[in-house]
Amino acid sequence: MEVREMKLDDRKKKILKSIIRNYLETGEPVGSRTISKFTDLKLSSATIRNEMADLEELGYIIQPHTSAGRIPTDKGYRLYVDELMEEKERQVNEKEKQVDEMKEFLIQKVDKVETLLQQMARLLATNTNYATMITAPQYNKNKVKFIQLSRVEAEKLLIVVVIDGNIVKNTIIDTVEALDDETILQLNMLCNTSLNGLTIDEINLGVIARLKEQAGVHKGIVGSVLDAVAEAITVDDDLRIYTSGTTNIFQYPELSDKNKAKELINAFEEKRVLTSLVHQIVQKDDNHGIQVYIGSETPIQTMKDCSVVTATYELEEGVQGTIGIIGPKRMDYDKVVDTLKTLTTQLDIIYKKT
């Protein structure tokens, strides 16, 4: 009599998995009729019984009673767990692949957005006949993750502020007296308890007042900590600003004076002055919507003979940038405001399509 060599093919594996899953759910032996309903194999009960007999012969299941269904053996459980782990590993690898693809997509999207912003700056300069600037979007909802105060010298403290993205900012401050370890520990606990998890918007006057009151005689140190936190959250040394239409300034006699024009052009070329302008605008409580700065109201000295109209655009929650139009004080405010309102709306729509 020829002995049939049995292999654990895919059909047997599916039936074995069905038996194990059903048994894990019910704790009762599993029969062929149950498996016929439990799987998508579309097999008859007779075929399933034959496969179950083979699985039993191979040692993956047993029949505890003559008339009962089957239950898994240790060998059956082992195969099930090993394949489960392999499947989980494949899923993890697939997830990692998806994450890598998403990162690539986001990089491409950022490139598209920045190209879009450069085009918008040129279009804005052409339409208004003024100088324009647009900042790349930034995440403005960074939260404080951790604050650490450490003594570096008798009357010097190192303030370490860690914010979202594990961005670290260090500041060394002078203290009026040497602080003992217990005081430093208490200040660490106070600052972390009060500030961890907060954004710059949430660190309001009420939070600051309570923190300084609890610090007592050490409120000056707490003030330095708050300054360090504000700098860590709001300052971006790599702020990208796209400009256009600088030469439009020469069309206006009141701005075409050689020295004035040179100062303005330097401001646009070096970007440092514009970065300072953006930071001052962002830090204002009412920085959303359209802001108009006329002459001496402008935060930047080199633009005191100009008017600056700015708007905040938001691509996603917390992802914001600034658009600015710089021109003479006699600029067409009605047209500029309408243009900025339209542009901020269009940016949101176009971004979601990129």
Of the options K12, R11, R49, which is the one that meets D54 in a salt bridge (Lys or Arg N to Asp or Glu O under 4.0 Å)?
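Of all the options given, the one that passes is K12.
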Once side-chain hydrogen bond (donor to acceptor under 3.5 Å, both in side chains) is applied, do any residues pair with [X], and if so which ones, sequence neighbours excluded?
{"X": "D334", "answer": "none"}
{"X": "Y77", "answer": "none"}
{"X": "K156", "answer": "D174"}
{"X": "K341", "answer": "none"}

Looking only at heavy atoms, which two atoms of [X] and [Y] are closest? And how far apart?
{"X": "P72", "Y": "I20", "answer": "CB-CG1, 3.7 Å"}
{"X": "A228", "Y": "V161", "answer": "CB-CG2, 4.0 Å"}
{"X": "T47", "Y": "S44", "answer": "OG1-OG, 2.9 Å"}
{"X": "M52", "Y": "I15", "answer": "CG-CG2, 4.1 Å"}
{"X": "N192", "Y": "I147", "answer": "ND2-O, 2.8 Å"}
{"X": "I265", "Y": "F250", "answer": "CD1-CZ, 3.1 Å"}

For D180, I'd like to know if atom CG has over 12 heavy atoms of other residues, nucleotides or ligands within 6.0 Å.
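Yes, enclosed.
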Should the heavy atoms of other residues, nucleotides or ligands under 6.0 Å from NZ of K262 be counted, would the total exceed 12?
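No - once you tally the heavy atoms of other residues, nucleotides and ligands closer than 6.0 Å, there are 12 at most.
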Is the shortest heavy-atom distance from the side chain of I61 to the side chain of Y23 under 4.5 Å?
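Answer no - side chains too far apart.
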Are any of the side-chain heavy atoms of L195 and L226 separated by less than 4.5 Å?
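L195 vs L226: side chains touch.
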Show me, pair by pair, the donor-acceptor contacts under 3.5 angstrom made by side chains of residues 211-225, not counting sequence neighbours?
from, atom 1, to, atom 2, distance (Å)
S224, OG, G220, O, 3.4

Please identify each residue that fulfils side-chain contact (heavy atoms from CB on, under 4.5 Å) with [X], with sequence neighbours left out.
{"X": "E28", "answer": "T26"}
{"X": "T193", "answer": "none"}
{"X": "E83", "answer": "K13, K17, L79"}
{"X": "N259", "answer": "D257"}

Under 3.5 Å, side chain of [X] to main-chain N/O of [Y], donor-acceptor pair present?
{"X": "Y333", "Y": "K329", "value": "yes"}
{"X": "T135", "Y": "T322", "value": "yes"}
{"X": "T310", "Y": "I323", "value": "no"}
{"X": "S32", "Y": "I48", "value": "no"}
{"X": "T175", "Y": "A178", "value": "no"}

Under the criterion side-chain contact (heavy atoms from CB on, under 4.5 Å), which of T132, L123, I134 is the partner of S244?
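For S244, the side-chain contact (heavy atoms from CB on, under 4.5 Å) check succeeds only for T132.
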Would you please name every residue forming a salt bridge (charged side-chain N to carboxylate O under 4.0 Å, His left out) with D181, sequence neighbours left out?
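Listed in chain order: R151.
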Quick one: list whatever passes salt bridge (charged side-chain N to carboxylate O under 4.0 Å, His left out) with D74, sequence neighbours left out.
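Counting only residues at least two positions away or on another chain, D74 forms no salt bridge (charged side-chain N to carboxylate O under 4.0 Å, His left out).
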Enumerate donor-acceptor pairs with a distance under 3.5 Å from any side-chain N or O in residues 124-131 to protein atoms, sequence neighbours excluded.
from, atom 1, to, atom 2, distance (Å)
T126, OG1, R122, O, 3.0
T128, OG1, L124, O, 2.7
T128, OG1, Y130, N, 3.3
N129, ND2, Q251, OE1, 2.7
Y130, OH, D332, N, 2.9

Do NZ/NE/NH1/NH2 and the carboxylate oxygens of R330 and E254 come within less than 4.0 Å?
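Answer for the salt bridge query: yes.
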With rounding to the nearest 0.5 Å, note down the distance linking CD1 in I62 to CD in E56.
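Rounded to the nearest 0.5 Å, the CD1-CD separation comes out at 8.0 Å.
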